[in-house]
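By convention in this document, chain letters (A, B, ...) are assigned in the order of the sequence lines, proteins followed by strands, and residues within each chain are numbered from 1. The figures here come from the full heavy-atom set of this structure, side chains too, leaving out hydrogens, waters and symmetry mates.
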Protein chains: 2
Amino acid sequence: MFSKATEYALRATIYIAQKSSEEKKLSIEEIALAIDSPKSFTAKILQVLTKDNKIVSSVRGPNGGFYLTEKAKKMPARLILQAMGEDEVLEKCVLGLKQCSELQPCPMHAQYKAIKQQLIKLFVTKSIKQLATEIKDGVVFIK
Amino acid sequence: MFSKATEYALRATIYIAQKSSEEKKLSIEEIALAIDSPKSFTAKILQVLTKDNKIVSSVRGPNGGFYLTEKAKKMPARLILQAMGEDEVLEKCVLGLKQCSELQPCPMHAQYKAIKQQLIKLFVTKSIKQLATEIKDGVVFIK
DNA sequence: ATAATAGAAGATAAATTTGTCTTTAATTAT
DNA sequence: ATAATTAAAGACAAATTTATCTTCTATTAT
């Protein structure tokens, strides 16, 4: 469904949301280990999410690392897709038609429409924080 | 969601199903034009679907081309995904976790589960023929 | 100030996907 | 038989994705 990069982005952000605060930052080592992703590649991805502190925040140097502000934790998961430039996946035609729409539907449009709506709803209504909260109780896993 | 190759595979197969029979075969030129796909790349993809005549049938030489048998037209769309080696997409975890399951769910598992089931249902219950039938009436488009 | 730490930035490389082109093989019509 | 047609097969190339490594910069502790 999504690229590896976006999968790592989602997992990393959810993990950081669960473990970090402005006081407690996480190193790239810890994050990559926790979500089972290649370290350097994950660093690159976090650079994207950190750009303009849009989603993830970071500071360099000793005691530095990555964290999410309370404001960021309230953001919908869809913002991560947007930051990764993969938001379109949610809206795209299953058959890859450029012109697929209500007026000019592909053969799967009618049925896929409902699925698409639920997908979008999932990423819009679930905040990063909501996705993160159950991890520490072992209800849910990120690795 | 799917690779370009699989998108072309679905579109091409649906188009062939709608236009062809054992008596009337379609050239790769016609198919690629009809579904707006690169000709040579589409030829490669049809080679895969034609392998062992599993889904698409073909004959070489004058008046040759691609077609679908009545039996093939009755097959579920999911077989195309399988032939393309992309069937796993339907079952895969949204976050890309290898171990995501009921017992060890990812943070999106509970919500995504229902979506996944509908996706699978769509590809299992819809036959290639069913997807193809509305094209000629202009109810539905493939380009 | 200096050294140590940790992310940012950039270069590079490996792997995969997407796409093209040429040659070969099968089939048909003449 | 021969020529024409059309898909099959294979080599190759371009683009994108995934991944690594090195150097630079900011920050902190001493």
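Distances shorter than 4.0 Å separate some side-chain N or O of Ser58(A) from OP1 or OP2 on dA8(C). Look at Tyr8(A) and you'll find a side-chain N or O under 4.0 angstrom from OP1 or OP2 of dA19(D).
In this structure, the CZ atom of Phe41(B) is 18 Å from the P atom of dA13(D), given to the nearest Å. For the pair Tyr67(B) OH and dT6(D) C1', the computed distance is 14 Å after rounding to whole Å. To the nearest angstrom, C1' of dT16(D) lies 14 Å from CE of Met84(A). Spacing between atom CZ of Arg11(B) and atom C1' of dT18(C) amounts to 14 Å, rounded to whole angstrom units. dT18(D) atom C1' lies 12 Å from atom CD of Glu7(A), rounded to whole Å. Atom-to-atom, CG of Leu26(B) to P of dT6(D) comes out at 12 Å; the value is rounded to the nearest Å. Going from atom CD1 of Ile45(A) over to atom P of dA19(D) covers 8 Å, rounded to whole Å. Whole-Å rounding puts the Glu30(A) CD to dA6(C) P distance at 12 Å.
Side-chain proximity of Ile28(B) to the nucleotides dA19(D), dT18(C), dA7(D) is greatest for dA7(D). Listed candidates were dT20(D), dA7(D), dT18(C). Nearest to the side chain of Ser3(B) is dT18(C).
In this structure, the separation between CD1 on Ile115(B) and CD1 on Ile115(A) is 8.5 Å, given to the nearest 0.5 Å. The structure places CD1 of Ile28(B) at 11.0 Å from CG of Leu33(B), a figure rounded to the nearest 0.5 Å.
Among the heavy atoms of the strands lying under 4.0 Å from Ala5(B) are primed sugar atoms or P, OP1, OP2 only; no base atom is included. No engagement by Ile31(A) is indicated, since no non-hydrogen atom pair under 4.0 Å with the nucleic acid exists.
At a cut-off of 3.5 angstrom, the base of dA9(C) holds at least one donor-acceptor pair with the side chain of Gln47(A). Within 3.5 Å, no donor on the side chain of Lys25(A) pairs with an acceptor on the base of dG7(C), nor the reverse. Interface remark: the Lys44(A) side chain does form a donor-acceptor pair with the dG10(C) base, using a distance-only criterion of under 3.5 Å. No hydrogens or angles were tested; on distance alone, nothing pairs the side chain of Glu29(A) with the base of dA6(C) as donor and acceptor under 3.5 Å.
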Please report the C-alpha distance between Ser37(A) and Thr42(A) in whole Å, then the side-chain angles of each, then the deciding distance to 0.1 Å, and finally whether the side chain to side chain donor-acceptor pair (under 3.5 Å) criterion is met. CA-CA 7 Å; Ser37(A) 67; Thr42(A) 307; 2.6 Å; yes
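Legend: residues meeting salt bridge (Lys or Arg N to Asp or Glu O under 4.0 Å) with Lys44(B), ordered by chain and number and at least two apart, are absent.
Between Leu95(A) and Ile14(B), some side-chain heavy-atom pair lies under the 4.5 Å cut-off.
A residue-by-residue look at Thr42(A) and Leu46(B) shows that Leu46(B) has its nearest nucleotide of DNA chain D further toward the 5' end.
Judged as a side-chain hydrogen bond (donor to acceptor under 3.5 Å, both in side chains), the pairs with a partner in residues 8-17 of chain B (not counting sequence neighbours) are, in order, Tyr15(B)-Glu30(B).
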Go along nucleotides 22-30 of chain D 5' to 3' and tag each nucleotide: B for a protein heavy atom under 4.0 Å from its base, S when only backbone or sugar atoms are that close, - otherwise. ---BBBBS-
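The existence of a salt bridge linking Lys126(B) and Glu134(B) is excluded, since no basic side-chain nitrogen approaches an acidic carboxylate oxygen closer than 4.0 Å.
Side-chain contact, Gln104(B) with His109(B): no donor N or O sits under 3.5 Å from an acceptor N or O.
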